[in-house]
Amino acid sequence: MHEFKATAMGSRSQSARTYLEKHFASFPDCTLEESVIHALKALASTASEGTKLNVLNTTIAIVGKDTPFTVLTDDEARKYLDNLVIRPEDVVVAEEEDEDDNDAPRRPADLAE
């Protein structure tokens, strides 16, 4: 079993938190690759409609116990991003956006391809 902390902050973060809350029970059994996919799906839920995650607007980093902080190269990240499939059951509806989130500055994930 792995310990984990999953949270989201910033613009449209409630959607990501809702995704994480909906799927957290499966996290202890996830591989590293599955964990990255969950993180990307949570992030994708915060993107503007029609915005697809790609290496220009998404950076993937890994950190953990006995695993130093590592930022994936564009080629390594592309393997995840190019194969990311958002299924209907992955889409979550945020209950209510935080007031602070609505005024947050736009982040690179808000950029369209």
Side-chain angles (χ1 to χ4, degrees):
M1 177 192 244
H2 303 285
E3 289 186 36
F4 60 89
K5 180 173 179 153
T7 191
M9 60 185 174
S11 182
R12 300 187 192 105
S13 63
Q14 184 59 47
S15 295
R17 285 193 300 269
T18 301
Y19 176 90
L20 295 169
E21 289 168 1
K22 181 178 176 183
H23 296 281
F24 83 94
S26 69
F27 294 168
D29 298 323
C30 287
T31 64
L32 175 62
E33 289 75 19
E34 291 167 332
S35 297
V36 171
I37 294 299
H38 275 299
L40 291 173
K41 287 180 178 182
L43 180 61
S45 72
T46 70
S48 300
E49 188 174 331
T51 300
K52 183 177 179 186
L53 301 181
N54 60 58
V55 296
L56 298 176
N57 63 17
T58 307
T59 300
I60 301 172
I62 309 292
V63 67
K65 184 177 179 183
D66 301 323
T67 303
F69 180 82
T70 305
V71 177
L72 301 187
T73 66
D74 284 354
D75 287 338
E76 292 168 326
R78 194 173 281 112
K79 292 175 187 174
Y80 290 104
L81 294 165
D82 288 352
N83 296 309
L84 183 62
V85 175
I86 307 296
R87 302 168 303 180
E89 60 267 24
D90 296 328
V91 177
V92 295
V93 177
E95 295 172 10
E96 185 176 313
E97 290 292 328
D98 293 339
E99 287 182 30
D100 294 340
D101 290 348
N102 293 330
D103 296 326
R106 296 174 76 76
R107 301 286 187 232
D110 293 325
L111 300 175
E113 279 188 312

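This is a predicted model, so every value here is computed, not measured.
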Side chain to side chain contact (heavy atoms under 4.5 Å, CB included) involving Ser26 - partner list, sequence neighbours excluded | His23, Cys30, His38
Ignoring hydrogens and angles, tell me if any N or O in the side chain of Asn57 forms a donor-acceptor pair with the backbone of Lys52 under 3.5 Å.
-> yes
How close do Ser13 and Thr46 get, heavy atom to heavy atom, and via which atoms?
-> CA-CG2, 4.4 Å
Set of salt bridge (charged side-chain N to carboxylate O under 4.0 Å, His left out) partners for Asp75, sequence neighbours left out | Arg78
Is there side-chain contact between Arg12 and Ser48, with heavy atoms separated by less than 4.5 Å?
-> yes
Using the rule that two of Ile, Leu, Val, Met, Phe, Trp, Tyr join whenever any of their side-chain heavy atoms come within less than 4.5 Å, decide whether Leu32 and Val71 are in one cluster.
-> no
Tell me, do Leu40 and Ile60 make a side-chain contact under 4.5 Å, heavy atoms counted?
-> yes
First locate atom CG of Leu20, then atom CZ of Arg17, and finally report the distance between them rounded to the nearest 0.5 Å.
-> 9.5 Å
Counting heavy atoms not belonging to Lys79, are there more than 12 under 6.0 Å from its NZ?
-> no
Could you pull out all residues at least two apart from Ile37 that satisfy side chain to side chain contact (heavy atoms under 4.5 Å, CB included)?
-> Lys41, Tyr80, Leu84
Heavy atoms of Val55 and Asp74 approach each other most closely as CG1-O, 3.5 Å
Inter-residue atom distance Asp82.CG - Leu53.CG, 0.5 Å rounding | 11.0 Å
Taking all non-hydrogen atoms of both residues into account, name the closest pair between Leu72 and Ala77 and its distance.
-> CB-N, 4.1 Å
Is there a donor-acceptor pair under 3.5 Å between the side chain of Thr67 and the backbone N or O of Val63?
-> no
